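We number each residue from 1, following the sequence as shown. Because the structure is a prediction, the values reported are computed rather than measured. Start at 1 and go down the list; that is how both ligands and their atoms are numbered.
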Amino acid sequence: MTHPDERALELLFSMMRIRGVEEEIARRYSENEMRCPIHLSVGQEAVAAGVGLALRSSDLAVSGHRAHAHYLGKGGNLDALIAELHGKETGCSKGKGGSMHLIDEAVGFMGSTAIVGGTIPVGVGLALGMKIKATDQLACVFLGDAAVEAGVFYESVNFAALRQLPVLFICENNLYSVYTGLECRQPAGRQIHEMVSGMGISASCHDGNDAQSVYESVLDSAASIRRGDGPRFLEFATYRWLEHCGPNFDNDIGYRTESEFLQWKARDPVETLADRLKQAGSLDDGWLVRANARLKAEVERAFYSARLASFPRMDEAYKDLFADTQQ
Ligand SMILES: Cc1ncc(C[n+]2csc(CCOP(=O)(O)OP(=O)(O)O)c2C)c(N)n1
Ligand SMILES: [Mg+2]
């Protein structure tokens, strides 16, 4: 068993890694070497880190457009992520997917897609396979607060509940769908997790900026799912710091206020955990300096190798997509 302090440091390191990667992507985006749209998770790192560490490597995950953090948290390969953003053949999707289409079976990351809600039934289908084969895996479906407005969400949750499938739904409620707040999209007073529990699956809401709380709630849910108690839905309250799509801050364009952003920023998931660990005497500045140096080197190497790598060859364009028809 991992000692609780060690696990907390792993959570902190994972969040620092995601933050460092996302900020470097933002910093270099204007160089125009990454030609795909980017949806960054700065401010939302606790969910990806907590879920990623609580899952087993044999568990499978799917996600949506904001997936870099989920992929890294699940043990994704940083070099392969950065190469993918550069459209290079060494990318996790062989340079054919870009930021919103990450797939890496080696770490159980089974795909992400730009279509809101598009991977929800894929995750449920993976769980159906697990149930039929009686494995002890679970399928983790990452979704945003807007994905529960898609019809496919209800079909998928209904089927998962009916068949008591081993699915863990992770809903990152960051209050917005692009520029539209929840209050303009869903009836006043609705709590997403309450609505979902009305569909017959166990659902709860947690602090999505507290990596330890995320980790504990996922561990608990995963254990229940593996006991055969059916799907679980976890809603995490969190907030994205940057614009919906792109590397900039956009609090000046009017759809949300600077004061709302500052309130959430004061609850920075990375700082919150670092402060807690410092107060408990489990973290010192030396650890932080060493961790930052290690991360900086890792991120620089990833960008360097991505830029040196080749684009996919033309004759590779349709390979893998139609593997069985080409053989
Ligand atoms: C089916 C569909 N409808 C609309 C869009 C346009 N779109 C892209 S991202 C997005 C917002 C999604 O919000 P949410 O699920 O809360 O995730 P977040 O961006 O907040 O992480 C929308 C509406 C889309 N990609 N697919
Ligand atoms: Mg959202």
> Does ligand 1 have a heavy atom under 4.0 Å from the side chain of H65, from its backbone, from both, or from neither?
Replying inline: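 Within the 4.0 Å criterion, H65 contacts ligand 1 through side-chain atoms alone.
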>> Tell me the contacting part of R240 for ligand 1: side chain, backbone, both, or neither, using a 4.0 Å heavy-atom threshold, strictly below.
In response: neither
Taking 4.0 angstrom as the limit, do [X] and [Y] come out as a salt bridge?
X	Y	result
D104	K74	no
R28	E24	yes
K94	E316	no
D285	K278	yes
E10	R7	yes
R240	E22	no

Out of all atoms in ligand 1, which are within 4.0 Å of some heavy atom of [X]? Include the element for each.
X	answer
S177	11 (C), 12 (C), 13 (O), 23 (C)
V178	10 (C), 11 (C), 22 (C), 23 (C)
R66	18 (P), 19 (O), 21 (O)
A147	15 (O)

>> I want to check something: taking the side chain as every heavy atom from C-beta on, are Q186 and I192 in contact at a cut-off of under 4.5 Å?
In response: yes
> With side chains defined as the heavy atoms from C-beta onward, is the minimum distance between H68 and I18 less than 4.5 Å?
Replying inline: no
Just distances here: any N/O of [X] and N/O of ligand 1 closer than 3.5 Å?
X	answer
I115	no
N174	yes
Y176	yes
V116	yes

> Is the F236 ring parallel, tilted or perpendicular to the H206 ring (thresholds 30°, 60°)?
Replying inline: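 Tilted.
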> Under 3.5 Å, side chain of S58 to main-chain N/O of Q137, donor-acceptor pair present?
Replying inline: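 Not confirmed, S58 side chain does not pair with Q137 backbone.
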>> Using a 3.5 Å distance criterion without hydrogens, assess whether the side chain of E243 forms a donor-acceptor pair with backbone atoms of N248.
In response: yes
> What protein N/O/S atoms lie closer than 2.8 Å to the Mg ion (ligand 2)?
Replying inline: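 Near the Mg ion (ligand 2), the protein supplies D145 OD1, N174 OD1, Y176 O.
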>> Quick test: of every protein heavy atom, which one is nearest to atom 13 (O) of ligand 1, and how far off is it to 0.1 Å?
In response: A146 CB, 3.3 Å
> Any idea which protein heavy atom is nearest atom 25 (N) of ligand 1, and the distance to it?
Replying inline: A114 O, 2.9 Å
Using atom types as modelled, flag every donor-acceptor pair under 3.5 Å from a side chain in residues 151-167 to any protein atom, sequence neighbours excluded.
residue, atom, partner, partner atom, Å
Y154, OH, V148, O, 2.5
S156, OG, V152, O, 2.7
Q164, NE2, A161, O, 2.9

>> Yes or no, since that's all I need: does a protein heavy atom fall within a distance strictly under 4.0 Å of atom 6 (C) of ligand 1?
In response: no
